[in-house]
A.B. asks: 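Before we start, here is the structure in question, set down as structure tokens.
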2 protein chains.
Amino acid sequence: MKTSYKSDIEIAQESTMKPIVDIAETIGLSEDDLELFGKYKAKISYEALTKIETNETGKIILVTSINPTPAGEGKSTVTVGLGDAFQRIGKKAIIAMREPSLGPTMGIKGGATGGGYSQVLPMEDINLHFTGDLHAITTANNALAALLDNHLQQGNELNIDQRRIVWKRAVDLNDRALRKVIIGLGGPLQGVPREDGFDITVASEIMAVLCLAADLKDLKVRLARMVVAYNVKKEPITVGDLGVEGALTLLLKDAVKPNIVQTIEHTPALVHGGPFANIAHGCNSVIATRAAAKLADYVITEGGFGADLGAEKFLHIKARSAGIKPEAVVIVATIRALKMHGGVAKSDLAKENIASLTLGFANLQKHIETIRSFGLPVVVAINKFITDTDLEVQTLLEWCKRESVPVALTEVWEKGGAGGVALAKTLLEVIEKEENKFHPLYDLSDSLEQKVRTIVQKVYGGKDVEFSSKAKKQLEEFEKFGWSNLAICMAKSQYSLSDDPTKLGRPTGFIVNVREFKPSIGAGFIVALTGEVMTMPGLPKKPAALNMDVNENGKALGLF
Amino acid sequence: MKTSYKSDIEIAQESTMKPIVDIAETIGLSEDDLELFGKYKAKISYEALTKIETNETGKIILVTSINPTPAGEGKSTVTVGLGDAFQRIGKKAIIAMREPSLGPTMGIKGGATGGGYSQVLPMEDINLHFTGDLHAITTANNALAALLDNHLQQGNELNIDQRRIVWKRAVDLNDRALRKVIIGLGGPLQGVPREDGFDITVASEIMAVLCLAADLKDLKVRLARMVVAYNVKKEPITVGDLGVEGALTLLLKDAVKPNIVQTIEHTPALVHGGPFANIAHGCNSVIATRAAAKLADYVITEGGFGADLGAEKFLHIKARSAGIKPEAVVIVATIRALKMHGGVAKSDLAKENIASLTLGFANLQKHIETIRSFGLPVVVAINKFITDTDLEVQTLLEWCKRESVPVALTEVWEKGGAGGVALAKTLLEVIEKEENKFHPLYDLSDSLEQKVRTIVQKVYGGKDVEFSSKAKKQLEEFEKFGWSNLAICMAKSQYSLSDDPTKLGRPTGFIVNVREFKPSIGAGFIVALTGEVMTMPGLPKKPAALNMDVNENGKALGLF
């Protein structure tokens, strides 16, 4: 057994990449189909995206997890390793995953490009500026804000109520001091003073819009209908009313193209888009997922947080919007996290504890039931850690057998694709054997209230929903504005099936409190806010930035 | 005579670009020396920059102008056309110019990539996100701000006086509402409340630092010494004190590499860096200019605003920092602008007016004298407009003859390089014949006061300088901090030789008032502020953004 491990960046930098042109060739894309960003990154051109539309459509596999805990589940790592495993057993596979935000990169040690021997490369570039997508989104977000404030300054023809401006500014950083600000100070030449705030870029509605748009034309339509403010009559004012959807789309014309990179084992990966998984839907872009399905037989993709949030939103929001369906869903679980769900403290996780582990199964069980209720085949992936004992693993395997749920061990962090072959084979069997009767749990024609209730009762296992008086009033307004047929996007704690992050395992009988709704009309959903939702993280006492450096030849150092 | 003209973007989009790999090949760079951004843009790798250092050094030609007026001088257009003209007469030339900021692009109609048939391409990309350099600078600027505010929030070990934080945030947009803001509101978990403000990215000291750095190592040294605040003892606190110069350099590791593109006539152009010409030095990067000189026999480059600002700063700040010297200086003048300097209103410029034109020569004359006082050969370029009458042109040509200054007509907007051949030939003669005795007008060992006085008296033709009591007090402090040996960077109105923008022509006997100094220790200069300096522009009543659009295939529309 290994006792010391290399860091992710060490493993990444010791790996040898192939030119991205060669990687693209394996999935039928020529150099002319690509817009290169150096030798190892590229965007896929509009022409190529159009050209591949007549290809056969591959099978989509969604990777999700139990409710995350500080012990870690390794969902992205399993997603990458599973793609490599498919390639190893001779299947043509592509990984479709989210691109990281700089905020967490500079803040808390931990990349978003997988880990160990299951990573996408070049990890430094992907974790830093990559191909500039997030910068384009930040710019479009802030250009809209500047144009809106300029509208106020230049006479306010649309009669915007400056107290009811809902469009916030954005930076792709963790910067708590920008959460609440007052802008426009300094006298009549410096704008109209008002309250404002900054979100992290991935929380911008533009990120959600970009990730749900079918193409550039649809992107413009969606941008035009984003609500930025209300006028003095409390009617919504949109980007279209300001007349700037063309400029915003122009700023996003390259960001909308999917990025192609490779894993350590040279499996192609489309890394594109990364909306928040609370106030947005937490999935990579529709354009990338659809392109991936046209370029390979198997697409491995993931949703943010656990199955109650990521998978629910993938299935109700992204799949519906994109007209796609997954063939099977992988639920990633770790012995460590299951023990935490069973009541073990983080400091005691290295000790064997069968009783707590068994208690923790309840969390996994609920997610299995939920995915099955969507009519989808499920496979459990046990992401193995060196502290897991044989007895613990055996106990989980036996429980899965009793529950009649297919299961496979994965060791992709340590072994790359080889550590995911068992999971890949299990998936192939399941896709072959089990019937796929995918259907959403709610219809868009259900009332907004009913849609929330369905999610709470069928996905979270809660008893009911309580709406605050503010939320109730909003529902009446939304009816009037014609927004009742939109999807619901829940903003809820990722740590618990309930809206109380301390309730681990499988809580029952709980009521979920919806305090407020936030319309994301461009994205096409109404966000239901439960509890506090952080849309601008802060930096820790010792930010990761303090360890970062670069040598004279441009080699990144200290990046995880 | 043509009566209607195509727009810049029409001309640009009708042009056929060559692959940038082919353009690079003409100056001895292989595909391996490049990091491609699509087919028509690339960055030059560190390895290539090192490799070319042993090449012969080409001759640098600096393009500057008379004091700008609303009539326009077309300095960038002449710079591009002159490069093309050198190519046409069989000389190996490269253009080295600044890259545009998105703020003006979204705000006021008018690109920064030349015009007519003298443009650099792809103009849409260069005017939008280009290769992400400005986004990287914005991010580094704001990461530093977030890390600084986090330092306050986490206990303020360095005892920073929150009223004396001088580091501002940045966006690459025109957004007046962000000029003066209050941040950190919302209670103890949301940061420390304080006054702050946003500059446009090109006004960030990081832009100036990037443009003056010799290489990545020098960049880190300069970033480390940037002053961000003062502590409670009023001592400067630097980036190095915060320990984040490594992270900032990492964020800039690609932005520091020069970008290569081409003109409509396929002349290579390094378009890299673009600091403000008032609170910074207004020249493209040292790295790009030096690389250009190693890759061609002639480098055509420019400085911001007129010769009193752009050329003075090129010669005193950039040339000194880079260890380079120009072989000759081109002063661009237009009949229209000279008439404005002679007192004609903008609405009357189409009418012939020999008397006012002759009065306006005084402005041109002062700039010729100044450049000659640096020991440098001068050529006047008359950038012809269709409204110029033969008699007006003849009058200017004769005046130049009387003044013994070489002169050439240019028609590069309409005719591309062909319209600049006369100017190129004149330059070659001048470089051949005239002696170059380049020397700065002040030494770094002069006192800061003396350096300002030298610029005011010798470059502006003013009588003297008056320092406010605040400025005087600052000079004492700077002496104490060891900053007296730095260069001076004047922030003065570009419209007049004096600090009063209404004094056109060649004012005399004036006093320049320095109200405050702003140390840019990373860049290596002290900014002397005269009058109001705008570091965050606003948007006009009808911003250019309202006309921008993009079609379904990603083609930019309405961009100028």
Side-chain angles (χ1 to χ4, degrees), chain A residues 35-39 46 102 106 128-129 132 135-136 139 142-143 145-147 149-150 153-154 171-186 189-192 215-217 243-244 246-247 249-251 253-254 538-539 541 543 545-546 548-550 552-554 556 558-559, chain B residues 35-39 46 102 106 128-129 132 135-136 139 142-143 145-147 149-150 153-154 171-186 189-192 215-217 243-244 246-247 249-251 253-254 538-539 541 543 545-546 548-550 552-554 556 558-559:
Chain A
E35 292 167 13
L36 294 173
F37 284 70
K39 292 190 179 57
Y46 293 128
L102 257 169
M106 306 292 290
L128 293 171
H129 306 291
H135 292 320
T139 303
N142 293 340
L147 288 159
D149 273 301
N150 190 54
Q153 174 76 2
Q154 305 284 0
V171 287
D172 190 30
L173 290 165
N174 289 6
D175 192 349
R176 73 168 68 71
L178 294 181
R179 284 175 191 152
K180 285 179 199 236
V181 302
I182 293 175
I183 63 167
L185 298 173
L189 297 180
Q190 327 293 342
V192 178
D215 52 28
L216 198 59
K217 194 176 160 186
V244 298
T249 312
L250 179 61
L251 287 169
K253 77 179 173 68
D254 295 311
L539 287 168
K541 176 118 185 158
L546 296 176
M548 290 180 187
D549 207 347
V550 57
E552 286 176 47
N553 305 314
L559 194 62
Chain B
E35 292 167 13
L36 293 174
F37 284 68
K39 291 190 179 57
Y46 292 127
L102 256 170
M106 306 293 289
L128 294 171
H129 307 292
H135 292 321
T139 304
N142 293 341
L147 288 158
D149 274 300
N150 190 54
Q153 173 76 1
Q154 305 284 0
V171 287
D172 189 30
L173 290 165
N174 289 7
D175 193 349
R176 74 169 67 70
L178 295 181
R179 282 175 191 153
K180 286 181 197 236
V181 302
I182 294 175
I183 63 167
L185 298 173
L189 297 180
Q190 327 294 341
V192 177
D215 51 29
L216 198 60
K217 194 176 161 187
V244 298
T249 313
L250 179 61
L251 287 169
K253 78 179 173 66
D254 295 311
L539 287 169
K541 175 118 184 157
L546 296 177
M548 291 181 186
D549 206 347
V550 57
E552 285 176 49
N553 306 314
L559 195 63

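Chain naming here is simple, since letters A, B, ... match the order of the sequence lines and numbering starts at 1 in each.
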A.B. asks: Under 4.5 Å from any heavy atom of chain B, what part of A:Leu173 do you find: side chain, backbone, both or neither?
C.D. replies: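 For A:Leu173, the contact with chain B is made by the side chain alone.
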A.B. asks: What option among B:Leu251, B:Val192, B:Val244 has the most heavy-atom pairs under 4.5 Å with chain A?
C.D. replies: B:Leu251
A.B. asks: Check whether A:Lys180 gets within reach of chain B through its side chain, its backbone, both or neither, counting any heavy atom under 4.5 Å.
C.D. replies: both
A.B. asks: Does any backbone or side-chain atom of B:Ile182 lie under 4.5 Å from a heavy atom of chain A? Answer side chain, backbone, both or neither.
C.D. replies: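 Both backbone and side chain.
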A.B. asks: For the pair B:Arg176 (side chain) and A:Gly184 (backbone), establish whether a donor and an acceptor sit closer than 3.5 Å, ignoring hydrogens and angles.
C.D. replies: no
A.B. asks: With a 4.5 Å cut-off on heavy-atom pairs, point out which of A:Asp172, A:Val181, A:Leu185 contacts chain B the most.
C.D. replies: A:Leu185
A.B. asks: A quick test of your reading: do over 12 heavy atoms of other residues, nucleotides or ligands sit less than 6.0 Å from CD of B:Gln154?
C.D. replies: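 Count over threshold, so yes.
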A.B. asks: So which residue, B:Gly554, B:Gly558, B:Ala146, B:Ala177, ends up with the most heavy-atom pairs under 4.5 Å with chain A?
C.D. replies: B:Ala177
A.B. asks: How close do B:Gly191 and B:Gln153 get, counting heavy atoms only, and between which atoms?
C.D. replies: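 Residues B:Gly191 and B:Gln153, closest heavy atoms: CA-OE1, 3.1 Å.
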A.B. asks: Between A:Lys39 and chain B, which part of the residue has a heavy atom less than 4.5 Å away: side chain, backbone, both or neither?
C.D. replies: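 The side chain, not the backbone.
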A.B. asks: For each of B:Asn174, B:Leu546, B:Leu178, B:Asn142, tally heavy-atom pairs with chain A at distances under 4.5 Å, and name the one with the top tally.
C.D. replies: B:Leu178
A.B. asks: Using a cut-off of under 4.5 Å on heavy-atom pairs, state which of B:Ala136, B:Gly186, B:Gly132, B:Ala556 scores highest against chain A.
C.D. replies: B:Ala136
A.B. asks: A:Asp149: which residues meet the salt bridge (charged side-chain N to carboxylate O under 4.0 Å, His left out) condition with it, sequence neighbours left out?
C.D. replies: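 By the salt bridge (charged side-chain N to carboxylate O under 4.0 Å, His left out) rule, A:Asp149 matches A:Arg169, A:Arg194.
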A.B. asks: Is chain B contacted by the side chain of A:Leu128, its backbone, both, or neither, given a heavy-atom distance below 4.5 Å?
C.D. replies: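 Contact with chain B involves the side chain of A:Leu128 alone.
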A.B. asks: Side chain, backbone, both or neither: which part of A:Leu216 has a non-hydrogen atom closer than 4.5 Å to chain B?
C.D. replies: side chain
A.B. asks: For residues B:Ala545 and A:Ala247, report the shortest heavy-atom separation together with the two atoms involved.
C.D. replies: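 Reported closest heavy-atom pair: O-CB, 3.3 Å.
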A.B. asks: Looking only at heavy atoms, what is the nearest atom pair of B:Leu250 and A:Val550, with distance?
C.D. replies: N-CG1, 3.7 Å
A.B. asks: What are the two closest heavy atoms between A:Pro543 and B:Asn150, and how far apart are they?
C.D. replies: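 What the structure gives for the nearest pair is CG-ND2, 3.7 Å.
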A.B. asks: How close do B:His135 and B:His129 get, heavy atom to heavy atom, and via which atoms?
C.D. replies: NE2-ND1, 2.8 Å
A.B. asks: Go through the atoms of A:Asp215 and report whether side chain, backbone, both or neither lie under 4.5 Å from a heavy atom of chain B.
C.D. replies: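 Nothing of A:Asp215, per the 4.5 Å heavy-atom cut-off to chain B.
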A.B. asks: Is there a side-chain contact between B:Lys217 and B:Thr249 in this structure, where contact means two heavy atoms from C-beta onward sitting under 4.5 Å apart?
C.D. replies: no
A.B. asks: By a 4.5 Å heavy-atom criterion (distance strictly below it), what part of A:Tyr46 contacts chain B: side chain, backbone, both, or neither?
C.D. replies: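 When you check distances to chain B, only side chain atoms of A:Tyr46 fall under 4.5 Å.
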A.B. asks: Which one, B:Leu102, B:Leu147, B:Val171, B:Asp254, leads in non-hydrogen pairs under 4.5 Å with chain A?
C.D. replies: B:Leu147
